[in-house]
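Comments concern the structure below.
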Amino acid sequence: MNATLTDKEFEQFQSLIYQQVGIKLDTPKKSLLTSRLGKRLRELQLPSYQAYYDRVCAKGGEEELTQLVDLISTNKTDFFREPGHFDFLREQVLSQVQATRSLRIWSSASSSGEEPYTIAMTLTDAIPDRSRWDIKVLASDISTRVLAKAAAGIYDDERVAQLPQDVVRRHFLRGKGEQTGKFKVRKHLSEMIAFRRINLMAPAFPIKTPLDVIFCRNVMIYFDRSTQATLMGKFYRYLRPGGYLFIGHSESLQWIEHQFTYVKPTIYQKPEA
Ligand SMILES: C[S@@+](CC[C@H](N)C(=O)[O-])C[C@H]1O[C@@H](n2cnc3c(N)ncnc32)[C@H](O)[C@@H]1O
């Protein structure tokens, strides 16, 4: 079977992906979509890209849409990626919530979990009387595949090898027997985190308590300006006054309308009431 992705089919996928996920696939991405989807077509034994499109749009096609997103987006992440945010969390945010000893953080495109576990490691190491604090980290992503990996909390040794030995000892269990070469995050980290599937395109998010910090790193880059602006409006509503938004190092709010106060590169704050 050798299906061809016609221009019309490509346009259908472009608008579907844009509407559902916010990702704008420009024309040079046609060959990427052809090759990545082609493999999926063969796995599902579908005769054409149109047949695949129809399957994604059909009732119950939501799970396949997730697969489609996985094919076109990157899930690249790391423990302590862009470490300045974790320093800021420890040095600035913690002192501001010291009086209430309560903290709500959302890792909103958490991929395979390295980001929320880094938040949990940072807080555990920085708060000596942790048991007297009320801390909750929400970790979400559109992809159920990466979320399952995140919730399992099991990583290959080459990923964990980037971390200092004492950090590994405090926060990971070394696999034995069949699990040799793997590391599992310890319970004190996973207990802090709830994993959920949330599409950042949704008009509202299932979050009731105002947030102290939102991490939205290395996902906005896929969205166009109007999608980014809408998302910033939503984040603004879910943050408490004085709460912070962290974005990725190659992202900026410079060209979009928003109400945040600039703190320093990639860090923004909702003004105090
Ligand atoms: C490059 S990873 C970033 C991971 C992490 N935040 C970091 O900076 O290391 C981007 C993640 O965004 C997720 N994503 C893409 N579109 C999304 C959407 N509309 N809603 C929620 N997550 C989305 C992808 O599934 C992917 O896991």
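Order of appearance sets the numbers: ligands from 1, and atoms from 1 within every ligand.
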Has the side chain of Lys136 got a donor or acceptor atom that lies under 3.5 Å from a matching backbone atom of Ala194?
no
In order of chain and number, which residues sit within 4.0 Å of ligand 1 by heavy atom?
Val21, Ser73, Thr74, Asn75, Lys76, Thr77, Arg81, Ala109, Ser111, Glu115, Asp141, Ile142, Ser143, Ile198, Asn199, Leu200, Arg217, Asn218, Val219, Phe223
Atom pair OH/NZ of Tyr155 and Lys184 - distance to nearest 0.5 Å
10.0 Å
Can you list everything that forms a side chain to side chain contact (heavy atoms under 4.5 Å, CB included) with Lys176? Sequence neighbours excluded, please.
none
Rounded to the nearest 0.5 Å, how far does CG of Asn218 lie from CG of Asn75?
12.0 Å
Among Thr122, Leu89, Asp212, Leu103, find the one that has a side-chain contact (heavy atoms from CB on, under 4.5 Å) with Leu94.
Leu103
Is any side-chain heavy atom of Ile135 closer than 4.5 Å to one of Arg130?
yes
